[in-house]
Chemist: 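Just dropping this structure here.
Residue numbers start at 1 and run along the sequence shown.
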Amino acid sequence: MEEISTREKMLNYIKKNPKSRIYSISDFSKFGTYSSIRKALSRLEMEGRLIRVSRGFYKSSEYNKLINEEVASDPDHFARTYAEAHGWKIAPYREAALNMLGLSTQVPNVFQYVSDGPYRTVTLNDGRKIEFRHRTCREISKLSYKEAALLEALKTLGRERISPDVRSRILRKFGKKELEALRKRARKSRKWVYEEICRLIERSGNSVSHR
C-alpha cells in the first residue's frame, strides 16, 4: 500500500503545479522512500501522466491536439531544475541568454550555461542537448538569474549590435528598479556594459510594461 499512497500524494502535488514544470526525484522526497518514489514515477510514466525529460527528471504530459504531439519541455526550465538538484549556480550563456530575454528567435543546437559545477553535457530524451560549462562565477555570484542573463546577453551581442529595438525588448523585461539594482552589482563588468545599463535606466522612464 505504500507505493499507492506515495503515488497519490505525488499525483496531488503534480496537479497543483503548472504542466510545464520539470521535476527531479528529490522534489518528491517528502512523499515516501526513495524506492517507493521510483516505483510511483515508473507507474505515473506508464499511465501517461508523466513524461521522462531526461534520466531522473520528469514533466506532466501536455499533449497538443492541434499539432498532434507532446509539448516539448523548456530547456531553460530543465537547466535550472538540473542545477538546483545538484546545488550549482548557473547562468544562461550566449544564445541561451538571448533566447531567454527574447533577443533572438534562433534555436541553438546546444543550450549552453555557465556553472560553478563540473563541465557536463546532458541529452534530453528528445535529442536536444544542455551543456554546462564550468566557470568561476565571481561575476554572477551576487546576481539573480535574470540579471546574469542580461549581462551575458549584452556581451554576446556586443556594443555594436545594441540597437534601439534591442533596448526596447530589454525594457519589456526589466523595470527601472531592477536595472538600478543591477547597476550597483555590475560595477566590475566591462565599461561599455556598465554604461549600457546606465543608458537603459535613462530610457526606462519611457517603458510602460515590464514582465
Chemist: Identify the heavy atoms of R161 and V166 that sit nearest to each other, and give their distance.
Modeler: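 Heavy atoms only, the tightest pair is O-CG2, 3.7 Å.
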
Chemist: Quiz question: by atom type and distance under 3.5 Å, do the side chains of S20 and E62 form a donor-acceptor pair?
Modeler: no

Chemist: Within a strict 4.5 Å, meaning less than it, do heavy atoms of the Y23 and L41 side chains meet?
Modeler: no

Chemist: Do the non-hydrogen side-chain atoms of K59 and H77 ever get within less than 4.5 Å of each other?
Modeler: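 The answer is no; the side chains never approach within 4.5 Å.
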
Chemist: Kindly indicate, with the supporting measurements, whether the criterion side-chain contact (heavy atoms from CB on, under 4.5 Å) is fulfilled by M100 and E152.
Modeler: CA-CA 11 Å; M100 176 186 167; E152 183 60 38; over 6 Å; no

Chemist: Check the hydrophobic clustering (I, L, V, M, F, W, Y; side-chain heavy atoms under 4.5 Å; chains of links allowed) and say if I51 and M10 are grouped together.
Modeler: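 No, because I51 and M10 fall into different hydrophobic clusters, even though each may have its own neighbours under 4.5 Å.
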
Chemist: So do R183 and C198 actually touch side chain to side chain, heavy atoms under 4.5 Å?
Modeler: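 In short, these two side chains touch, coming nearer than 4.5 Å.
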
Chemist: Would you confirm whether S168, through its side chain, and P164, through its main-chain N or O, come within 3.5 Å as a donor-acceptor pair?
Modeler: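 Yes, because the side chain of S168 sits within donor-acceptor range (under 3.5 Å) of the backbone of P164.
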
Chemist: Check for a donor-acceptor pair, side chain of S29 on one end and backbone N or O of S26 on the other, with a separation under 3.5 Å.
Modeler: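 Flag set: sc S29 to bb S26 pair under 3.5 Å.
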
Chemist: For S73, is there any backbone N or O sitting under 3.5 Å from a side-chain donor or acceptor partner on R128?
Modeler: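 Judged by distance alone, yes, a pair lies under 3.5 Å.
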
Chemist: Identify the two heavy atoms, one from P75 and one from I130, that lie closest to each other, and give their separation to 0.1 Å.
Modeler: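 Answer, listing the atom of P75 first, then I130: CB-CD1, 3.7 Å.
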
Chemist: Any non-hydrogen side-chain atom of L200 less than 4.5 Å from a side-chain atom of R167?
Modeler: yes

Chemist: Would you say that Y82 contacts I22 through its side chain, given a criterion of any heavy-atom pair below 4.5 Å between the two side chains?
Modeler: no

Chemist: Only pairs at least two apart or in different chains count here, so list each ring pair (Phe, Tyr, Trp, His ring centres under 6.0 Å) that has a residue in residues 103-131.
Modeler: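 Those involving residues 103-131 do not exist here.
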
Chemist: Is a side-chain donor or acceptor of K146 paired with a backbone partner of K173 at a separation under 3.5 angstrom?
Modeler: yes

Chemist: Once you round to the nearest 0.5 Å, how far does CH2 of W192 lie from CD1 of I197?
Modeler: 9.5 Å

Chemist: Do N99 and D76 come close enough that some side-chain heavy atom pair is under 4.5 Å?
Modeler: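 No; the side chains remain at least 4.5 Å from each other.
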
Chemist: R133 and E131: salt bridge (charged side-chain N to carboxylate O under 4.0 Å, His left out), yes or no, with the steps?
Modeler: CA-CA 6 Å; R133 304 170 65 91; E131 182 182 82; 3.0 Å; yes

Chemist: Applying the salt bridge (Lys or Arg N to Asp or Glu O under 4.0 Å) criterion to R199, which one of E196, E202, E195 satisfies it?
Modeler: E196

Chemist: Is any side-chain heavy atom of L179 closer than 4.5 Å to a side-chain heavy atom of L150?
Modeler: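 A side-chain contact exists here, since the closest heavy-atom pair is under 4.5 Å.
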
Chemist: Transitively linked via ILVMFWY side-chain contacts under 4.5 Å: L182 with L154?
Modeler: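 Same cluster: L182 reaches L154 through Ile, Leu, Val, Met, Phe, Trp or Tyr contacts under 4.5 Å.
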
Chemist: Less than 4.5 Å apart, side chain to side chain, heavy atoms only: is that true for W88 and P118?
Modeler: yes

Chemist: Just by distance, with hydrogens left out, do T33 and S35 show a side-chain donor and acceptor under 3.5 Å apart?
Modeler: no

